[in-house]
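Naming: A, B, ... by sequence-line order, numbering from 1 per chain.
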Amino acid sequence: MALSIKEKLKQLDKTISEAKPAVAENSSQEQRFDLIGGKLIRTATGQVVVREKSFPLEFIHGPNQLEELLKMDSEYFAYVGKDTALTNLDIRTSVFIDTETTGLAGGAGTYAFLIGIGYFTGNSFLVKQLFMPDYHNEPAVLALLAAELRTRSAFISYNGKAYDIPILKSRFVLNRLSFQDDNYLHLDLLHAARRLWKRNLGECTLQNIERHILGFQRHDDIPGYEIPQKYFDYLYSKDVSSLLPIFKHNAMDILSLVSITLSAGRVFDKCEYPSDSTAVMKTFSHLGDVKRSKQFMRNSAFQTQEVLCALYQARLFKRMSLLKDAEKQWLWLIEQSRDFHIEPYIELAKLYEHNYRNISKALEIVNRLEERLQIRHELFSLNEHKYLTNITHRKNRLNRKLRNQNLTGGKEKEKVP
Amino acid sequence: MTLTIEQIIDRLERNRRFMDHVTEWKKIPAKSAEFGQVPDLNPKLVNALAKHGITKFYIHQSSAIENILSGKNIVVVTPTASGKTLCYNAPVLNSIIETREARALYLFPTKALSQDQVSELHDVIDIANEKISFGIKSYTFDGDTPVSARKAIKSSGHIVVTNPDMLHTGILPHHTQWVKLFENLRFIVIDEIHHYRGIFGSHLANTIRRLKRVCQFYGSQPLFICCSATIANPKELAENLTGESMVLVDNNGAPHGEKHFVLYNPPVVNQELGIRRSYIKESQRIGKDFILNNIQTIIFARSRMNVELLLTYLRENMKKSHKSPSLVQGYRGGYLPLERRRIERGLRDGEITGVVSTNALELGIDIGQLQVSVIAGYPGTISSTLQQAGRAGRRLGSSLSIVVSSSSPLDQYIANNPHYFFEKSPESGIIDPDNLVILLSHIKCAAFELPFTSSERFGTNWQGEGGLDSTQEILEYLEEMKVIHRSGEKWHWMAETYPAESVSLRSAAEENVVIIDQTTPNEKVIGEIDIFAAQLMVHDEAIYLHGGQQYHIDKLDWERRKAYAHKVNADHYTDAQLKTNLRVIEVFEESENENGSCGHGEVVVTSVATMYKKIKFQTHENIGWGKIFLPEIELHSNAFWYSFPSDISSRLGIDNQILGDGLKGVANILRNIVPLFIMGDRRDFDSLPMMRSPYSDQPSLYIWEHYPGGVGFSKKLFHIYQDVSKAALELIEQCECEHGCPSCVGPVLDVGENGKSTAQLLLNYLLQ
């Protein structure tokens with residue numbers, strides 16, 4: 001009494017949970033994509049459903065009007081992305097991109113069944129959603145996407161660098177199509193969000209940023225983790241209306257991408273809680289933008305972060321060889337009593353010893369540091385402890401030099417600053 | 001004054017007390033090198049090799065390389081230290097030098113071996129790179145590879161060195177990131193293929209089917225280069241693993257000095273119970289003698305615990321003789337490359353004289369060549385023994401290997417039948433890639449990697465021939481289970497999960513019990529075993545051995561599949577008894593004659609652990625027992641059986657009670673002797689005697705496989721059961737006990753006074 005393969009498998013395989021009841025297939029009926037605002041396009045390699053929604057430029061999402069992004073100077077993209085290359089980002093040829101996939105695992109078996117792109121046209125913002133009505137239509141969806149991307153130059157995404165784009169690349173490889181993105185710039189807002197808002201908001205999911213930065217609350221939004229199963233269910237039920245929440249969710253994501261870009265850019269003009277001013281200062285420092293850093297220090301309401309920002313700015317000045325500015329900043333840092341940092345003392349000592357050749361001034365700074373440290377004795381952190389040897393060496397060397405100076409009977413030429 | 005090795009060998013041979021217990025002392029004369037023609041390699045490579053010290057090629061190297069250059073898949077079978085790595089490195093490097101884009105994939109069973117190989121490769125590559133315009137790059141790609149390095153390896157690594165698990169979960173499911181590798185893959189090198197047997201081998205064979213499938217997608221047709229230790233069926237195993245036809249290369253041309261191979265069986269100290277002097281202490285005695293005379297020695301022990309024991313004893317010996325205890329070092333799997341280099345250097349410089357190791361050092365890692373190898377306890381297979389013995393032996397001068405037998409039945413049998421080491425190996429590597437459970441897991445993984453077409457057969461060769469008939473049926477089943485979806489002409493993966501993650505290459509039952517160490521407040525998971533083994537090994541009150549450490553199982557939470565344990569130092573181990581019932585469902589093959597009948601097929605085994613015995617270490621005394629309360633498990637697997645005629649009792653002139661004892665005795669001994677013929681574990685199969693089998697109504701013996709669906713042992717046994725029975729009979733006849741003992745048919749308490757003699761009668765009957 002031999003069992004068929006299937007019966008044997010049922011006995012042996014305990015990992016697959018009970019088979020779900022088969023739902024009626026409506027494969028012969030024409031599916032009504034128009035009911036959700038979509039259009040079925042037939043191409044040589046398969047069918048694609050395209051759903052378009054056009055938003056006027058004055059459209060407001062959260063606190064922002066979409067068209068303001070068109071007016072934002074391109075240097076702000078460099079700030080938001082902390083990357084000088086992004087000054088070349090042209091918002092008019094950029095594409096905002098967000099995909100819905102069959103799973104978070106990645107790998108060759110994860111499909112992007114809905115690819116949402118958004119871009120500015122002459123007088124509107126267009127959200128275009130490409131949907132794969134069944135797996136065998138994938139080549140058509142990708143071909144359409146490739147055609148759209150051919151005229152574009154940059155991506156703006158949320159975690160696209162690690163997730164969406166690699167998955168799309170993978171899909172192209174599997175369908176033997178080429179994904180031409182070598183010259184594309186990419187602004188990934190997840191990294192920007194983490195830089196600017198993680199300190200004060202904690203988690204930087206798109207929804208969290210939407211809620212706290214854009215002040216925008218979604219209603220009846222489908223949770224992300226339900227999306228893959230909804231697609232699988234649709235493949236059997238062919239119930240187009242069940243897909244509407246996914247399309248809506250995806251479209252909302254894209255609008256938020258635009259709005260978040262704006263809000264992020266604004267932080268570099270005016271930084272308020274929950275944005276992190278040290279992140280802003282670090283960005284200016286990294287990009288070498290002295291002018292902006294000065295402006296920022298003048299205009300910002302710092303609350304607790306002024307000292308740290310000043311420290312980063314001083315580093316910037318030093319890197320750009322603006323020694324007078326650096327000296328001023330370090331002097332301010334050692335005078336203020338809010339936060340103690342060793343760095344300004346050491347940097348001033350080095351400045352006076354090596355650049356200005358003013359040994360006594362250098363020694364004065366080192367002595368002040370030692371005093372401060374002794375006062376803070378109980379509060380020594382491990383790092384500060386390490387400095388003690390450094391300081392002693394420095395002091396000894398300076399004392400030696402001073403002695404030599406006095407012996408040779410004359411001051412060494414002071415370097416004119 | 002220290003002795004040379006020749007002097008020690010001489011002294012040993014004249015030592016009566018030692019020689020009385022030597023069952024075999026084989027002298028293998030020195031052999032000079034046999035060279036073959038220099039193969040047709042690119043002159044730049046020949047040049048680089050020459051600079052590296054290689055100007056001539058042994059005949060097996062020439063043979064191997066020439067076969068590969070003419071487009072054949074090969075399996076190379078040569079002993080340790082015979083230059084087998086050149087057999088694959090040469091053609092691979094050759095290919096890369098001639099075609100810059102060429103790629104190769106190397107598979108090693110362990111990370112340590114992979115890392116060693118890459119170091120060795122680098123030496124040659126550095127020289128080769130001087131002559132060519134681009135740099136040849138080889139990298140390991142495994143769990144330790146830093147994320148920052150992975151991108152470079154994927155796009156520009158010429159030789160990617162990895163292990164089966166990484167290939168299975170890290171590379172194949174992400175093959176779109178490895179386009180350069182797969183498009184240009186010329187060679188797949190699989191080392192130590194004898195390692196891939198049973199479950200592991202069956203899984204690997206399927207992983208290779210997936211690998212070939214991916215290669216086909218990218219248009220490459222790599223050649224396979226396999227390496228194996230000496231087993232009975234290297235060509236067959238290689239062909240089963242890869243699905244390709246193989247050329248066997250086994251004409252070893254490497255030279256060696258005079259070798260002495262000694263089998264030592266410690267004397268019996270208790271005749272009735274069949275107990276012998278401790279093989280650990282004997283090994284220590286023997287080893288210490290060499291080490292104190294500055295002779296570089298390696299001692300192989302079978303468990304980490306024994307390694308620690310021997311290390312402790314030997315270091316005490318050193319101290320007593322006013323020598324530094326650091327002369328003797330330990331070695332375990334998991335040692336970092338830095339530590340291995342340190343030991344290797346120490347051996348070369350003479351700072352280390354003795355090394356005590358588990359079989360971790362058996363696999364090819366380069367530690368140089370030593371002079372003596374002491375093997376404490378038969379390692380379980382002939383091939384392992386030969387590999388461990390192979391660690392001793394230099395080009396010039398003599399070397400010595402000594403195998404010290406323990407009292408376990410197989411050890412005893414080997415001690416008395418050493419011819420197995422010197423004639424053709426009896427042991428086969430058996431796999432069954434079409435085991436349904438294993439196949440199902442890999443078809444899921446394959447569907448994730450590339451959609452199946454509606455006419456596709458899993459496991460076809462390059463020409464698209466062959467392959468599994470049942471592929472489409474399996475796909476239909478998976479569709480019913482809603483994990484794949486038929487769309488157009490293809491079957492696509494349709495689930496959020498990542499199938500490879502939940503497939504372990506070393507087990508077939510996907511239900512595991514997790515073992516948790518509660519010795520400290522920080523609970524730690526120390527391991528996982530499948531539910532069948534769990535009933536035997538981690539029932540309440542069991543003593544469980546893991547990584548050389550004993551644990552007491554405080555509670556087995558069967559429902560939640562968790563076993564809670566804490567560390568102990570017990571003087572006994574536990575041995576659980578299974579109450580087993582077996583039902584034949586389908587017969588695959590049968591044969592009958594006037595003496596009896598035998599066959600193999602599919603069975604349902606219901607088993608439950610009912611009680612356990614507490615057995616004292618060393619003496620094997622039974623010091624207690626306990627009951628086990630666990631639910632029954634049902635297992636669908638394969639079995640081999642032999643049925644005696646219903647009137648066998650009268651034919652042999654015995655009564656039924658005694659027949660029962662005899663059957664039990666035969667079942668016990670078969671369980672112990674089968675591994676000599678089919679390489680495997682105690683956990684791979686079991687034996688069951690039945691007075692009246694429900695299938696045939698006759699007194700029968702069943703040997704059933706532990707893994708759902710079986711891995712091919714039953715089928716193999718059907719063909720070789722007579723050889724196995726002959727060996728079993730020899731073991732009984734050679735055993736010095738009167739009525740039975742643990743070293744042959746089992747203790748008298750188990751098989752009764754007539755167990756041994758009746759077992760002999762039955763086996764004689766079977767063989768007539």
Side-chain angles (χ1 to χ4, degrees), chain A residues 1-23 27 45-47 101-111 113 132-139 166-176 178-179 225-229 231-233 235-236, chain B residues 169 172-177 179 214 217-218 435-437 439-441 444-445 447-451 469-470 472-474 476-503 508-511 585-587 602 604 634 636 708-709:
Chain A
M1 184 214 61
L3 298 170
S4 74
I5 300 271
K6 275 196 219 163
E7 287 164 322
K8 282 190 195 172
L9 284 169
K10 285 196 183 129
Q11 270 172 350
L12 291 169
D13 186 25
K14 298 179 183 72
T15 59
I16 296 182
S17 50
E18 283 307 306
K20 305 187 189 80
V23 185
S27 47
T45 48
Q47 301 178 342
T101 65
T102 56
L104 292 174
T110 301
Y111 297 77
F113 65 85
M132 183 172 82
D134 206 342
Y135 286 100
H136 64 273
N137 293 305
E138 194 178 33
I167 287 188
L168 286 175
K169 279 196 167 142
S170 183
R171 303 315 316 163
F172 273 74
V173 168
L174 285 163
N175 285 279
R176 304 197 198 275
S178 70
F179 189 75
Y225 60 81
E226 281 184 21
I227 291 180
Q229 190 55 47
Y231 180 65
F232 300 147
D233 290 340
L235 288 177
Y236 285 93
Chain B
T169 56
L172 288 173
H174 299 279
H175 62 85
T176 53
Q177 295 174 12
V179 178
V214 168
F217 177 78
Y218 290 101
N435 170 304
L436 216 45
V437 177
L439 192 57
L440 186 69
S441 337
K444 281 194 247 174
C445 295
F448 181 89
E449 285 151 15
L450 289 166
D469 280 340
S470 47
Q472 296 296 314
E473 257 193 276
I474 296 177
E476 278 165 18
Y477 167 78
L478 288 173
E479 188 184 37
E480 272 174 41
M481 295 295 125
K482 298 269 169 40
V483 284
I484 64 173
H485 170 75
R486 186 164 179 163
S487 175
E489 285 304 304
K490 295 200 186 154
W491 304 85
H492 293 259
W493 181 254
M494 190 191 79
E496 290 181 69
T497 54
Y498 179 73
E501 235 166 25
S502 58
V503 178
E510 292 186 52
E511 283 193 84
I585 294 201
E586 191 182 334
V587 180
E602 199 184 319
V604 174
E634 196 180 83
H636 286 253

Exercise. If you take all heavy atoms of B:E496 and A:A105, which pair is closest and at what distance?
Worked result: O-CB, 4.3 Å
Problem set entry | Between B:R486, B:K490, B:E501, B:E473, the one whose heavy-atom pairs under 4.5 Å with chain A are most numerous | B:E473
Seminar exercise, completed: The interface call for B:L172 against chain A, heavy-atom contacts under 4.5 Å, is neither
Exercise. Can you check whether A:V173 reaches B:Y218 side chain to side chain, under 4.5 Å on heavy atoms?
Worked result: yes
Exercise. Which atoms form the tightest heavy-atom contact between A:L174 and B:H175, and what is the distance?
Worked result: CD2-CE1, 3.4 Å
Exercise. What do you reckon, is CD of A:E226 surrounded by more than 12 foreign heavy atoms closer than 6.0 Å?
Worked result: yes
Problem set entry | Smallest separation among heavy atoms of A:H136 and B:H492, with atom names | N-NE2, 4.3 Å
Problem set entry | Proximity breakdown for A:R171 and chain B, heavy-atom pairs closer than 4.5 Å | neither
For this session: Give the ring-plane orientation class for A:Y236 versus B:H485, where under 30° counts as parallel, over 60° as perpendicular and anything between as tilted.
Result: perpendicular
Exercise. For the side chain of B:Y498 and the backbone of A:L104, is there at least one donor-acceptor N/O pair under 3.5 Å apart?
Worked result: no
Problem set entry | Toward chain B, the part of A:Y225 with a non-hydrogen atom under 4.5 Å | backbone
Problem set entry | B:T176 side chain to A:A108 backbone, donor-acceptor under 3.5 Å | no
Seminar exercise, completed: A:Y111 and B:P451 have their tightest heavy-atom pair at OH-CG, 4.1 Å
Exercise. Between atom OG1 of A:T110 and atom CZ of B:F448, what is the distance when rounded to the nearest 0.5 Å?
Worked result: 4.5 Å
For this session: Mind ranking A:G46, A:P228, A:G103 by heavy-atom pairs under 4.5 Å with chain B and telling me who comes out on top?
Result: A:P228
